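Here the structure is laid out as structure tokens; the discussion comes afterwards.
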Amino acid sequence: MALRFIGIDPDTGQQGSPTVWVDEEKAELVLQGWKPDEKLEAECAAFEVPGHAPGIPPHEAVIRIPARMVPMLRKACDVAERAGL
């Protein structure tokens, strides 16, 4: 796996570390974030989009990323786009 580190939550400290990478080999953004509480996960699972089954498939997960990391997410998108991923 060719992971390219983009950034880590600047307020991370010792209690968690939301992180952003770009996997240049698989052409994917890789995110580490906080697990949602049961209420948020249930709300996401109940959300309906036309043509898509509701729920969260077993091979997927909901994560939370702090809004202060938006610049890192933008950078990850820019890196992926420039690399033609």
Side-chain angles (χ1 to χ4, degrees):
M1 182 183 302
L3 278 182
R4 181 171 176 175
F5 173 78
I6 301 298
I8 193 167
D9 179 5
D11 293 350
T12 195
Q14 298 295 317
Q15 299 302 314
S17 52
T19 307
V20 179
W21 299 269
V22 173
D23 183 334
E24 295 176 338
E25 198 172 281
K26 291 186 176 182
E28 297 173 343
L29 300 182
V30 179
L31 306 173
Q32 175 181 327
W34 300 307
K35 292 180 180 181
D37 61 22
E38 289 180 18
K39 180 181 176 191
L40 177 59
E41 190 164 26
E43 186 176 343
C44 291
F47 193 80
E48 293 189 39
V49 176
H52 190 278
I56 302 166
H59 64 280
E60 295 182 5
V62 172
I63 63 166
R64 296 169 40 244
I65 298 286
R68 63 183 165 265
M69 292 181 68
V70 165
M72 289 173 218
L73 295 170
R74 284 191 185 114
K75 181 178 178 182
C77 292
D78 290 344
V79 165
E81 188 174 52
R82 279 194 299 271
L85 305 180

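It should be emphasised that the depicted structure is a prediction, and the values quoted were computed from it without experimental measurement.
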Crowded around Glu43 CD? As in, over 12 foreign heavy atoms under 6.0 Å?
no

Contact summary for Leu3 and Trp21, nearest pair of heavy atoms
CD2-CB, 3.8 Å

Can you tell me how far the CD atom of Glu81 sits from the CZ atom of Arg74, to the nearest 0.5 Å?
13.5 Å

Would you say Val20 and Leu29 make side-chain contact, with heavy atoms under 4.5 Å?
no

Single-linkage hydrophobic cluster, 4.5 Å side-chain cutoff, Ile63 and Met69 together
yes

More than 12 heavy atoms of other residues, nucleotides or ligands under 6.0 Å from CZ of Phe47: is that the case?
no

For atom CD of Glu60, is the number of surrounding heavy atoms from other residues, nucleotides or ligands below 6.0 Å larger than 12?
yes

Say you draw a straight line from CD1 of Ile8 to CD of Gln32; how long is it, rounded to the nearest 0.5 Å?
7.0 Å

Side chain to side chain, Pro18 and Arg68, heavy atoms closer than 4.5 Å:
no

Please find the pair of heavy atoms, one from Val62 and one from Pro36, that lie closest to each other, and give the distance.
O-CD, 3.1 Å

What's in the same ILVMFWY side-chain cluster as Trp34, cut-off under 4.5 Å, chained through other members?
none

Give, for atom CZ of Arg64 and atom CG of Leu31, the distance between the pair rounded to the nearest 0.5 Å.
14.0 Å

Verify the cluster assignment for Val79 and Ile65: are they in a single hydrophobic cluster under the rule of side-chain heavy atoms below 4.5 Å apart?
yes

